[in-house]
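FYI, side chains are in, hydrogens and waters are out, and symmetry mates aren't considered; it's all heavy atoms of this structure. Bear in mind the structure is a predicted one, so any value in this text is a computation, not a measurement.
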Amino acid sequence: MKTPFFAVVAALVLLPTLLLAQSPYTTNGSTLFLYHFDEGASSSTAADASGHGRTANYGSGSITGVPGQSGMGNAFTVAGGGANPEWVDSANPNGQNSPLYQLAANSFTVEMWIRFDDLAATSNSYLFTIHPSDQVLAADFSLSIIPQANLTFGGALSVGDSRGVDQIITPKIAWVSGEWYHIAVTYEAKGGGVGDYRFYVNRAGDDAEPMPFHQVLNRAQLQMMGGNTNPRVLDIGNIGGGYGSTRFRGTMDEFRISNTALTQFSTLQPVPEPTSMLLGSIAGVVFLFRLRRHAREA
């Protein structure tokens, strides 16, 4: 019997399941604060991995040891009033000497991972605030999310002070409960008291060098409370005083403040491409198909 001219050898190699694991933040010379929130259940303090020793205290009622994203360790949930991490800059009795007070006057990046567990908030959900120790509602600087039910600004990010006279509000965002988002706000100082503000909202698997979701260019820097010299306080996941109505209704994982305006976020860990799959060989010729998976837009 003659051998066929084309000898077909079938071979099939199955692709392994791709497990998308994000990367925790790392520290470098520009890192001012870095919290991984990797503590176990019922922890009372959140370690600062920046190298500056700025350990924060979890509020009573914080749920720690909550599983985070794949590759990110643990997270914590803001369970109610007073249930959020807080750091007081006791090393600077005059709060205007604190790196918190000086943050908005120079280039900076504030970034974090968040997951909504409840979208029913009726007040702004505060992701972080900087405020004098004698003030619980008045904030020097804050980042919050406007309630989804607000017809004009529902879901928008709002950055600025608590007085409402010095704020930037982004376009509306349709958040999805149960999904992780990476949020970053940057300010690139240009000199003369002006600079560029950029907002990034991304999901796991997005490109590590994303386009800004919103930007405001050549804007005057946001102003702190100039007349108050009390020590400054950083609250994460709520406003000062830890009110239940102003807490972030969800889970937070990773929080970092840097004194530079970042444009790359390696924590996103985009899906590597191309991925190859060997389907078979015909007469010694190997057919190799490249499969591409595109990251979703925020």
Closest approach of [X] to [Y] (non-hydrogen atoms, all atoms of both residues):
{"X": "Pro210", "Y": "Tyr200", "result": "O-CE2, 3.4 Å"}
{"X": "Trp180", "Y": "Arg203", "result": "O-CG, 3.7 Å"}
{"X": "Ser245", "Y": "Ser123", "result": "O-CB, 3.4 Å"}
{"X": "His182", "Y": "Thr267", "result": "NE2-CG2, 3.6 Å"}
{"X": "Ser50", "Y": "Thr27", "result": "O-OG1, 3.3 Å"}
{"X": "Gly154", "Y": "Lys172", "result": "O-CB, 3.2 Å"}

Test item: [X] and [Y] side chains (from C-beta on) under 4.5 Å apart, heavy atoms:
{"X": "Leu103", "Y": "Leu32", "value": "yes"}
{"X": "Ser98", "Y": "Met224", "value": "no"}
{"X": "Asn92", "Y": "Pro99", "value": "yes"}
{"X": "Tyr35", "Y": "Pro85", "value": "no"}
{"X": "Asn57", "Y": "Glu86", "value": "no"}
{"X": "Phe199", "Y": "Ile168", "value": "yes"}
{"X": "Leu262", "Y": "Arg256", "value": "yes"}
{"X": "Trp175", "Y": "Val201", "value": "yes"}

*Full working for side chain to side chain contact (heavy atoms under 4.5 Å, CB included) between Leu268 and Glu209*: CA-CA 9 Å; Leu268 291 172; Glu209 191 172 357; over 6 Å; no

> Are Phe116 and Phe248 near enough that their ring centres are under 6.0 Å apart?
Replying inline: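 Yes, close enough.
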
Practice item. Kindly state whether the ring of Phe33 and the ring of Trp87 have centres lying under 6.0 angstrom apart. Key: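 They qualify: ring centres under 6.0 Å apart.
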
About how many Å separate [atom2] of [Y] and [atom1] of [X], when rounded to the nearest 0.5 Å?
{"X": "Thr129", "Y": "Asn238", "atom1": "OG1", "atom2": "CG", "answer": "7.5 Å"}
{"X": "Thr170", "Y": "Ile145", "atom1": "OG1", "atom2": "CD1", "answer": "9.0 Å"}
{"X": "Asn74", "Y": "Glu254", "atom1": "CG", "atom2": "CD", "answer": "11.0 Å"}
{"X": "Gln167", "Y": "Ser142", "atom1": "CD", "atom2": "OG", "answer": "6.5 Å"}
{"X": "Trp113", "Y": "Gln69", "atom1": "CH2", "atom2": "CD", "answer": "4.5 Å"}
{"X": "Tyr58", "Y": "Ile236", "atom1": "OH", "atom2": "CD1", "answer": "8.5 Å"}

Margin query: Which residues pass the side chain to side chain donor-acceptor pair (under 3.5 Å) test with Thr109, not counting sequence neighbours?
Written below: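 None.
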
Any donor-acceptor N or O pair under 3.5 Å, side chains [X], [Y]:
{"X": "Arg115", "Y": "Thr251", "value": "yes"}
{"X": "Asn259", "Y": "Asn106", "value": "no"}
{"X": "Asp48", "Y": "Thr55", "value": "no"}

Are [Y] and [X] connected into the same hydrophobic cluster when the rule is that any two of I, L, V, M, F, W, Y join if their side-chain heavy atoms are below 4.5 Å apart?
{"X": "Val110", "Y": "Val216", "answer": "yes"}
{"X": "Met211", "Y": "Val185", "answer": "no"}
{"X": "Val233", "Y": "Tyr101", "answer": "no"}
{"X": "Ile146", "Y": "Ile239", "answer": "no"}
{"X": "Leu127", "Y": "Val176", "answer": "yes"}

Check your understanding: For the residue pair Tyr187 and Tyr197, does the interplanar ring angle fall in the parallel (under 30°), tilted (30 to 60°) or perpendicular (over 60°) class?
Key ->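 Answer is tilted, since the angle falls between 30° and 60°.
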
Which class fits the ring pair Phe141 and Phe128: parallel under 30°, tilted 30 to 60°, perpendicular over 60°?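 Ring orientation of Phe141 relative to Phe128: tilted.
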
Point to revise | Asp196 vs Lys190, side chain to side chain contact (heavy atoms under 4.5 Å, CB included): CA-CA, chis, key distance, verdict | key: CA-CA 7 Å; Asp196 299 338; Lys190 297 292 189 180; 2.9 Å; yes

Does Ser43 use its side chain to pair, donor to acceptor, with the backbone of Thr64 at less than 3.5 Å?
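No; zero donor-acceptor contacts below 3.5 Å.
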
* Taking Gln223 for its side chain and Gln221 for its backbone only, find out whether a donor-acceptor pair lies under 3.5 Å. =>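 Checking the backbone N and O of Gln221 against the side chain of Gln223, a donor-acceptor pair under 3.5 Å is found.
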
Check your understanding: Is the shortest side-chain N to carboxylate O distance from Arg219 to Asp166 below 4.0 Å?
Key ->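 Yes, charged N to carboxylate O under 4.0 Å.
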
List the steps, then state whether side chain to side chain contact (heavy atoms under 4.5 Å, CB included) holds for Phe37 with Val66.
CA-CA 9 Å; Phe37 305 126; Val66 177; over 6 Å; no

Apply the test side chain to side chain contact (heavy atoms under 4.5 Å, CB included) to residues Val78 and Arg249: give CA-CA distance (whole Å), side-chain angles for both, the deciding distance (0.1 Å), then the verdict. CA-CA 6 Å; Val78 188; Arg249 295 171 176 263; over 6 Å; no

> Taking only residues two or more places apart in sequence or in another chain, which ones pass ring-ring contact (aromatic ring centres under 6.0 Å, His included) with His131?
Replying inline: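 By the ring-ring contact (aromatic ring centres under 6.0 Å, His included) rule, His131 matches no residue at all.
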
